[in-house]
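Right, one structure below, let's go through it.
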Amino acid sequence: MAKRIRVKDIFSAATSQNYKVMGWVRTFRNNQFIALNDGSCLANLQVVVDNDKTDADIIRRITTGAGIMIDGKLIESQGKGQTVELLAENITILGDCDPETYPIQLKNRPSLEYLREIAHLRFRTNAFSAIFRVRHALSYGIHKFFNDRHFVNIHSPIITGSDAEGAGEMFQVTTLDINNPPKNEDGSINYKEDFFGKATNLTVSGQLEAELAALALSNVYTFGPTFRAENSNTTRHLAEFWMIEPEVAFNDLHDNMDLAEDMLKYLIQYVLDHCAEDLAFLEQRLMDDEKTKPQAERSEMSLIEKLKFCLEHPFERLTYTEAIEILKNSTPNKKGKFQYPIEKWGADLQSEHERYLVEKHFKKPVILTNYPAAIKAFYMRQDDPKEGVPGPTVSAMDILFPGIGEIIGGSQREERYDLLVRRMDEMHIPAEEMSWFLDTRRFGSVPHAGFGLGFERLVLFVTGMTNIRDVIPFPRFPGNAEF
RNA sequence: GCCCCCUUAGCUCAGUCGGUUAGAGCGACGGACUGUUAAUCCGCAGGUCCCAGGUUCAAGUCCUGGAGGGGGCGCCA
């Protein structure tokens, strides 16, 4: 018996030879032609059934979605739509698929919203198999990018006893009986009796742990799940998402920007090189989608053009202070079109402002830096006062992408012990609970910088999808933890 | 957390001013078909009009509440 060959590989295999393939039926036409898909690539293999050699009962069971195995001879296709096809000599039904109840009849073009509700089956569609192959390529590309640059991958903890990271609301982790928890004398819950002997949560960021590692290994990155219990209901937020957090000793803000831009461009190039077929399919899907929209709302570039455009142009780098000036003098601001008008320095930028800068003013990815200290996290490095800048700023950077908004947030870190402690004090962060973190600044502190990349936001951008719930297999969001 | 929209056949959607027996395409099912490409052709079945109240002679259609879904905003990656 021949060994199984993947559909992807059979397209370049020698003809006039026998092969065994296994996969799922996408369509069965003319009682004769099976379009077989095994997920190894987007394309289906055409299998030609010989009615004389195949039992009528088997033919009856070749239904959309059925799992089948075929032994047959590969020949040059006698039809037009494909170069080769497999002449079936023996067909085995591995798993029947009842067409009366199987919800994915692909010819129906089921909506993304409907498929989201049957996420356990949506892998079987072209769109989602393409998305998850691209997601994998990006994941692999990230490890390759950092490995090639001598970064060490650090597995930061998922359960954390630190609740002072300030990145968002946390999910509590406990083995206590929530209906009858042990109490202290003052009525508060006695976490000393909990599994870890203290209150614990799911991590919101591996950054602080990455900093600890960077101050010894120099170049490190984390790539793992993070959890935010924020009640966020948008197309760009998840309660469980994957984040990449590089942290590099001796880097300043500019090195940090260079690293982030290099990484994003590397990953876009990586996907263009390795996922051409899937990207072409996703691009076509988008173009079909666009046809239903009014002219004004259609995008100027196709998906692949957009990706290449990002590669060919340097990201626009400017400070928050410069951005405020542009926004203040912008047409929508003067005409009162912004829901939140830009009045003075110090205001946080709303997504309408970010969108204006990225999509209207610069028309390319933008890196905004040196934000007011008051609206940024405690660990960001405080800038020296500068002429023309009205207030204190920090060496922060946000990378804004068209259609996505913030895809990366990062900073040069405050490495000076006294300044860091003063700032923690101002922001009411308990220094005593963070002494492990402060030890890095007590013992051999050096300048360092890092950032966080929201993995799903990158997948969104690269696939051209618009809802983040469609680029992770089983999305978690408020009110939903199915599967 | 706030604001807006949607929910009719398995899927995608029509359904006019509140008026008789609720419609289409696709899918499914039955049949034909040995070169199809979202195959095609013929035939047939398929409905808790999201749920609960209310208004009305009469509700898929109007009102109130709820559930589910979508979009925008905020929080951020």
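The structure displayed is predicted, hence computed values, not measured ones. In what follows, chains are A, B, ... by sequence order, proteins preceding strands, each numbered from 1.
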Give one of base, sugar-phosphate or nothing for Tyr340(A), where a contact means two heavy atoms less than 4.0 Å apart.
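Here Tyr340(A) touches the backbone only, sparing every base.
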What contact category does Leu238(A) fall into here, base, sugar-phosphate, or nothing, at under 4.0 angstrom with non-hydrogen atoms?
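Counting heavy atoms under 4.0 Å across all strands, the contact made by Leu238(A) includes a base.
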Pick one: which of Ile62(A), Asn44(A), Val47(A), Leu86(A) meets side-chain contact (heavy atoms from CB on, under 4.5 Å) with Leu36(A)?
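Output: one option passes, namely Val47(A).
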Option among Leu87(A), Thr15(A), Ile5(A) that satisfies the side-chain contact (heavy atoms from CB on, under 4.5 Å) test with Leu74(A):
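Passing option: Thr15(A).
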Ring centres under 6.0 angstrom apart (Tyr140(A), Phe223(A)):
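When the ring centroids of Tyr140(A) and Phe223(A) are compared, they turn out to be at least 6.0 Å apart.
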Measure from the ring center of Phe315(A) to the ring center of Phe401(A) and say whether it is less than 6.0 Å.
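When the ring centroids of Phe315(A) and Phe401(A) are compared, they turn out to be within the sub-6.0 Å range.
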Would you measure the distance from the [atom1] atom in [N] across to the matching atom in [M] and give it in whole Å?
{"N": "C33(B)", "M": "U40(B)", "atom1": "C1'", "answer": "9 Å"}
{"N": "C11(B)", "M": "G69(B)", "atom1": "P", "answer": "15 Å"}
{"N": "U56(B)", "M": "G66(B)", "atom1": "C1'", "answer": "23 Å"}
{"N": "U7(B)", "M": "C17(B)", "atom1": "P", "answer": "16 Å"}
{"N": "C29(B)", "M": "U20(B)", "atom1": "C1'", "answer": "31 Å"}
{"N": "A59(B)", "M": "G53(B)", "atom1": "P", "answer": "14 Å"}
{"N": "U61(B)", "M": "U8(B)", "atom1": "P", "answer": "13 Å"}
{"N": "C3(B)", "M": "A77(B)", "atom1": "C1'", "answer": "24 Å"}

Sidechain N-carboxylate O distance under 4.0 Å for Asp96(A), Arg60(A)
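Looking at Asp96(A) and Arg60(A), the cut-off is not met.
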Check Arg6(A) with Asp38(A), please: is the shortest side-chain N to carboxylate O separation under 4.0 Å?
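Answer for the salt bridge query: no.
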Please tell me if the side chains of [X] and [Y] come closer than 4.5 Å, counting only heavy atoms from C-beta onward.
{"X": "Ile244(A)", "Y": "Phe146(A)", "answer": "yes"}
{"X": "Asp71(A)", "Y": "Asn18(A)", "answer": "no"}
{"X": "Tyr221(A)", "Y": "Asn147(A)", "answer": "no"}
{"X": "Phe227(A)", "Y": "Arg476(A)", "answer": "no"}
{"X": "Arg228(A)", "Y": "Phe241(A)", "answer": "yes"}

Minimum-distance nucleotide (side-chain atoms of Arg236(A) versus G74(B), C11(B), A77(B))
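Per side-chain heavy atoms of Arg236(A), the pick is G74(B).
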Closest approach to the side chain of Asp348(A), judged atom by atom: which nucleotide of C76(B), A38(B), A77(B) is it?
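Shortest atom-to-atom distance from the side chain points to C76(B).
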Distance check needed: [N] [atom2] versus [X] [atom1], whole Å only.
{"X": "Leu349(A)", "N": "C76(B)", "atom1": "CG", "atom2": "P", "value": "12 Å"}
{"X": "Gln339(A)", "N": "C4(B)", "atom1": "CD", "atom2": "P", "value": "13 Å"}
{"X": "Lys337(A)", "N": "C73(B)", "atom1": "NZ", "atom2": "P", "value": "18 Å"}
{"X": "Glu406(A)", "N": "A77(B)", "atom1": "CD", "atom2": "P", "value": "5 Å"}
{"X": "Tyr114(A)", "N": "G10(B)", "atom1": "OH", "atom2": "P", "value": "10 Å"}
{"X": "Leu115(A)", "N": "G10(B)", "atom1": "CG", "atom2": "P", "value": "17 Å"}
{"X": "Phe455(A)", "N": "C76(B)", "atom1": "CZ", "atom2": "C1'", "value": "18 Å"}
{"X": "Ile399(A)", "N": "C76(B)", "atom1": "CD1", "atom2": "C1'", "value": "15 Å"}

Extract the stems that RNA chain B is part of, considering only consecutive pairing runs of at least three Watson-Crick or G-U wobble pairs, both distances under 3.5 Å.
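Counting only runs of 3 or more consecutive pairs, the stems involving RNA chain B are B:1-7 with B:67-73, B:10-13 with B:23-26, B:29-32 with B:40-43, B:50-54 with B:62-66.
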With nearest nucleotides of RNA chain B determined for Glu352(A) and Asp398(A) from heavy-atom distances, which residue corresponds to the more 5′ nucleotide?
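Upstream on the strand: Glu352(A).
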Base of C75(B) paired with side chain of Ser232(A) (donor-acceptor, under 3.5 Å):
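By the distance-only test, yes, there is a pair.
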Quick one: does NZ or CZ of Arg124(A) land under 6.0 Å from the six-membered ring centre of Tyr102(A), within 45 degrees of the ring axis?
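Pair Arg124(A)/Tyr102(A) does not count as cation-pi.
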Regarding Arg285(A) and the six-membered ring of Phe281(A), is the cationic atom NZ or CZ under 6.0 Å from the ring centre and inside 45° of its axis?
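Cation-pi check for Arg285(A) and Phe281(A): fails.
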Can you tell me whether the base of C51(B) sits syn or anti, using the 90° cut around 0 to define syn?
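Nucleotide C51(B) adopts anti.
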Letter per nucleotide, 5' to 3', of nucleotides 24-36 of chain B [B base touched, S only sugar-phosphate touched, - untouched; heavy atoms, 4.0 Å]
--BSSS---BBBB
Would Asn467(A) and Thr235(A) count as a side-chain hydrogen bond (donor to acceptor under 3.5 Å, both in side chains) here? Give the steps.
CA-CA 5 Å; Asn467(A) 191 317; Thr235(A) 53; 5.8 Å; no
For nucleotides 67-71 of chain B, tabulate all protein N/O to nucleotide N/O atom pairs closer than 3.5 Å, reporting atom names and distance.
| unit_1 | atom_1 | unit_2 | atom_2 | d |
| --- | --- | --- | --- | --- |
| G70(B) | OP1 | Arg116(A) | NH1 | 2.5 |
| G71(B) | OP1 | Asn467(A) | ND2 | 2.9 |
| G71(B) | OP2 | Asn467(A) | ND2 | 3.1 |

Tell me whether Phe241(A) is stacked on the nucleobase of A77(B), counting only the six-membered base ring and applying the 5.5 Å and 30° thresholds.
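Stacking between Phe241(A) and A77(B): present.
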Is Arg355(A) close enough to C73(B) that one of its side-chain N or O atoms is under 4.0 Å from OP1 or OP2 there?
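The answer is yes; a side-chain N or O of Arg355(A) sits under 4.0 Å from OP1 or OP2.
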Under 4.0 Å from OP1 or OP2 of G74(B): is there any side-chain N or O of Ser351(A) that close?
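Checking Ser351(A) against G74(B): at least one side-chain N or O falls below 4.0 Å of OP1 or OP2.
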